[in-house]
Amino acid sequence: MPELTLDTLMDDGDYLGSERARLENKVILDELERKKKARTLAVPTDDNRVRARLREIGEPITLFGERAADRRDRLRYVLSQINAARGEDAMPIESESSEESEDEEEFYTPGSFELLEARRRIAEFSLPRAQKRVARQRLDSRMELGRIVDTRKKVFNEVKKFSNLGSQIGDERPIAQVRFAPNNEILATGSWSGTVKLWNVPACTEIRSLRGHSDKVSGVAWHPQATLTHSPNIVNLASGAGEGNVNLWSMNRQVDIPLGPDLFAHGFTSDQPLSVLKGHLDRVCRVAFHPSGDYVASASFDTTWRLWDVNTSKELLLQEGHSKEVYTVEFQNDGALIVSGGLDAVGRVWDLRTGRTAMVLDGHVQGIYSIAFSPNGYQVATGSGDDTIRLWDIRSLKALYTIPAHLSNVSDIRFFHANDLFYKPFTSTKVDEDTEMNGVDEESKPRDTPDSEKPEGQSQDGVDSATKGYTEEEWRYRSGLFFASAGYDGLVKLWSADDWQLLRTLTTDAGKVMSVDISSGGGMIASGTYNRNFQLYAPEDF
């Protein structure tokens, strides 16, 4: 199959003319019309009257964790649904708000030429990756059921072995976010003290402190190729903080200062950032690197998320769409989609190639604090202040499952993304019907070799510890098979990503876990807590 590019992509010019598209557009327009009428509904402001009205129409007077304002919004929503079903018009409120609603209309903001070029580059980058991902999924779909069951057992048995490896005081204030570097040897922590720190793991020794923020750091993100093929003298890390800035950092104090196209000058700097991206009007919460590494997205309390060009440090896109603060943002692995979550309890999936909303994630009753894309490219997990995790399917445009995950806010969610760089194929053992699940034939394994004499990098069963006995097919299938969540109940939980069952609960020494991350090799998990430390977890035989 030829590689998919913009030139070979079939252009469906009759998209809007198709029957399915017309039906989808009609449903969207009807829903927008219903919401517009709902805004003009006269509902009581007194909470007791709201409860009484809900009782009259046969609805629960309150839901778990529901506040008075949320209850009033639910009443408005239910009344609008009843009016839509009966074909009745909503009764307008006699106030100036009805006059304002008459002036509301859909509008478009002109985009820059740089944004147009960025959309084209993103399309050229994402199409071949999507094609390869779909091809891999087709291969996985042909796996025998018995093979899938064996792989799941092996992976989940490893996950169930995770235990506390150690704890380290990371700062003088709470650790807001932790993220493993792509090489799994460095951990970045962002703190409310305004400092970003880099740590050797699992030794937990500090490498460097990055001081460039004047307020609490809420988000850190690594360049996809940082610590691998990326030069340490250019942008490797991004961070966002309360003063509204996004800082771009290098790994070294010696940096390459751009003077023009392909022209750099060598210089020295302190622990200050290479570039500061200014534009947000309020706190920046989460930041994320595009899989290409050319763009950074930032979510802010100014109710917008923005897209920045890493090379020019310019703002490409200011995206509205949330009615309250935007807390989190995350890219799909292909690079075509981005999902944002806000304190309005709504998530939105955006198509970066067109600027359109691909899906609205509407179902939580409290703000969304964490979002994660599955490696399969079509599932999204959202964590909320209503203590639940919801799983969504972009293909069917609906929620798949709701997990009552924690006893308090779900602060972070991370899927396991396997990096093929850490897979090492077997060379000394032939896998056949008599081979064990760990890929090593019992007859070919030495019986009396002391552990101390075994080659470095191998576990006690003689299998390369980097892959823990996985075949290439199993390693590929393993990616996205489980995910981790952190909650304000002081727990880190590991879940299966196919049947959403709890696999392992890891305790911390804090009341609130602010963040969690899984290394791309699958061998370590890190959490950042409110009591200023971060903790590492690994299998018991690590």
Side-chain angles (χ1 to χ4, degrees), residues 155-193 195-210 217 219-222 226-227 237 370 372 406 411-419 421-422 457 459-460 465-468 478 482-495 502-542:
V155 173
F156 294 159
N157 284 339
E158 288 289 338
V159 172
K160 291 175 182 179
K161 293 179 181 178
F162 272 91
S163 61
N164 199 322
L165 183 64
S167 179
Q168 171 69 40
I169 296 178
D171 212 293
E172 56 191 22
R173 297 203 64 192
I175 304 294
Q177 197 165 37
V178 294
R179 289 293 181 260
F180 282 105
N183 69 353
N184 299 329
E185 297 176 1
I186 301 175
L187 182 73
T189 60
S191 165
W192 282 9
S193 68
T195 304
V196 177
K197 292 186 178 182
L198 306 181
W199 304 82
N200 277 314
V201 288
C204 295
T205 55
E206 184 178 342
I207 300 173
R208 186 181 175 195
S209 294
L210 308 174
V217 174
V220 293
W222 288 94
T227 68
L237 187 71
S370 56
H406 291 269
S411 56
D412 204 2
I413 302 173
R414 298 293 285 178
F415 277 91
F416 167 60
H417 292 254
N419 190 332
L421 292 175
F422 298 101
S459 59
Q460 293 185 1
S465 60
T467 61
K468 297 187 184 298
R478 180 174 177 241
F482 66 95
F483 66 92
S485 67
Y488 275 18
D489 55 2
L491 300 176
V492 172
K493 295 187 177 183
L494 306 179
W495 309 85
L502 180 63
L503 299 175
R504 180 74 165 162
T505 298
L506 304 171
T507 59
T508 66
D509 54 4
K512 298 177 182 178
V513 184
M514 312 285 283
S515 180
V516 68
D517 195 21
I518 306 174
S519 67
S520 57
M524 283 188 293
I525 294 175
S527 67
T529 62
Y530 189 80
N531 69 346
R532 305 171 298 143
N533 70 5
F534 66 88
Q535 291 175 299
L536 294 180
Y537 305 90
E540 295 172 353
D541 56 353
F542 179 75

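Hydrogens, waters and symmetry mates play no part in the numbers below; they use all other heavy atoms, side chains included.
- A salt bridge between Asp517 and Arg414 is present, with a side-chain N of the basic residue lying under 4.0 Å from a carboxylate O of the acidic one.
- If you take CG on Leu187 and CD on Gln168, they are separated by 11.0 Å, rounding to the nearest 0.5 Å.
- Phe534 has its ring centre less than 6.0 Å from the ring centre of Trp199.
- Heavy-atom neighbours of Ile169 CD1 from other residues, nucleotides or ligands within 6.0 Å: at or below the threshold of 12.
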Stepwise side-chain contact (heavy atoms from CB on, under 4.5 Å) test for Leu491 and Thr507:
CA-CA 5 Å; Leu491 300 176; Thr507 59; 3.9 Å; yes
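- Checked by atom type and distance alone, the side chain of Asn419 never pairs as donor or acceptor with a backbone atom of Ser520 at under 3.5 Å.
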Report the C-alpha separation of Ile186 and Phe180 in whole Å, then their side-chain angles, then the decisive distance to 0.1 Å, and conclude whether the side-chain contact (heavy atoms from CB on, under 4.5 Å) test is met.
CA-CA 6 Å; Ile186 301 175; Phe180 282 105; over 6 Å; no
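- When the shell of 6.0 Å around CZ of Phe415 is examined, it contains more than 12 heavy atoms from other residues, nucleotides or ligands.
- The main-chain N or O of Thr529 is never found under 3.5 Å from a side-chain atom of Lys512 such that the two would form a donor-acceptor pair.
- A heavy-atom distance below 4.5 Å is not found between the side chains of Asp412 and Val178.
- Side-chain N or O atoms of Arg179 include one that pairs as donor or acceptor with a backbone N or O of Val516 at under 3.5 Å.
- To the nearest 0.5 Å, atom CG of residue Leu198 and atom OG1 of residue Thr189 are 7.5 Å apart.
- Between Ser411 and Ser370, the closest heavy-atom pair is O-CB, 3.6 Å.
- Arg504 contributes no side-chain N or O that, together with a main-chain N or O of Lys161, makes up a donor-acceptor pair within less than 3.5 Å.
- For the pair Asp509 and Asn533, the minimum side-chain heavy-atom distance is below 4.5 Å.
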Side chain to side chain donor-acceptor pair (under 3.5 Å), that's the test. Do Ser193 and Asp171 meet it? Break it down for me.
CA-CA 7 Å; Ser193 68; Asp171 212 293; 2.8 Å; yes
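- Glu540 approaches Ser163 most closely through the heavy-atom pair CG-OG, 3.6 Å.
- Interatomic distance, Trp222 CH2 to Asn183 CG, rounded to the nearest 0.5 Å: 7.5 Å.
- Heavy-atom minimum distance, Ala221 versus Leu237: O-CD1, 3.2 Å.
- Partners of Asn200 under the side chain to side chain donor-acceptor pair (under 3.5 Å) rule, at least two apart in sequence or in another chain, are Thr205.
- Heavy atoms only, all atoms of each residue included: Leu503 and Trp495 are closest at CD1-C, 3.8 Å.
- No donor-acceptor pair closer than 3.5 Å links the side chain of Ser191 to the backbone N or O of Ile175.
- Looking at heavy atoms from C-beta onward, Trp192 lies out of side-chain contact with Val217 at the 4.5 angstrom threshold.
- Annotation: Phe482 is in aromatic contact with Phe416 [ring centroid separation under 6.0 Å].
- Put simply, the side chain of Cys204 reaches to within 4.5 Å of the side chain of Leu536, judged on heavy atoms.
- Looking only at side-chain heavy atoms (C-beta outward), Leu210 and Thr195 stay at 4.5 Å or farther from each other.
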Applying side-chain contact (heavy atoms from CB on, under 4.5 Å) to Ser485 and His406, what does each step give before you reach the verdict?
CA-CA 9 Å; Ser485 67; His406 291 269; 2.8 Å; yes
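- Panel note: side chain Ser519, backbone Gly523; a donor-acceptor pair is recorded below 3.5 Å.
- To the nearest 0.5 angstrom, Lys493 atom NZ is 6.0 Å from Leu502 atom CG.
- Listed here is the closest heavy atom pair of Arg478 and Gly521: NH1-O, 3.6 Å.
- Considering NZ of Lys197 and CZ of Arg208, their distance stands at 13.5 Å, rounded to 0.5 Å.
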Begin from the C-alpha positions of Ser209 and Val196 and carry the test side-chain contact (heavy atoms from CB on, under 4.5 Å) through to its verdict.
CA-CA 6 Å; Ser209 294; Val196 177; over 6 Å; no
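- Inter-residue side-chain proximity for Phe483 and Ile413 is flagged as met; some heavy-atom pair is nearer than 4.5 Å.
- At distances below 3.5 Å, not a single donor-acceptor pair connects side-chain atoms of Gln177 with backbone N or O atoms of Ser515.
- The shortest heavy-atom contact between Ala538 and Met524 is CB-CG, 4.4 Å.
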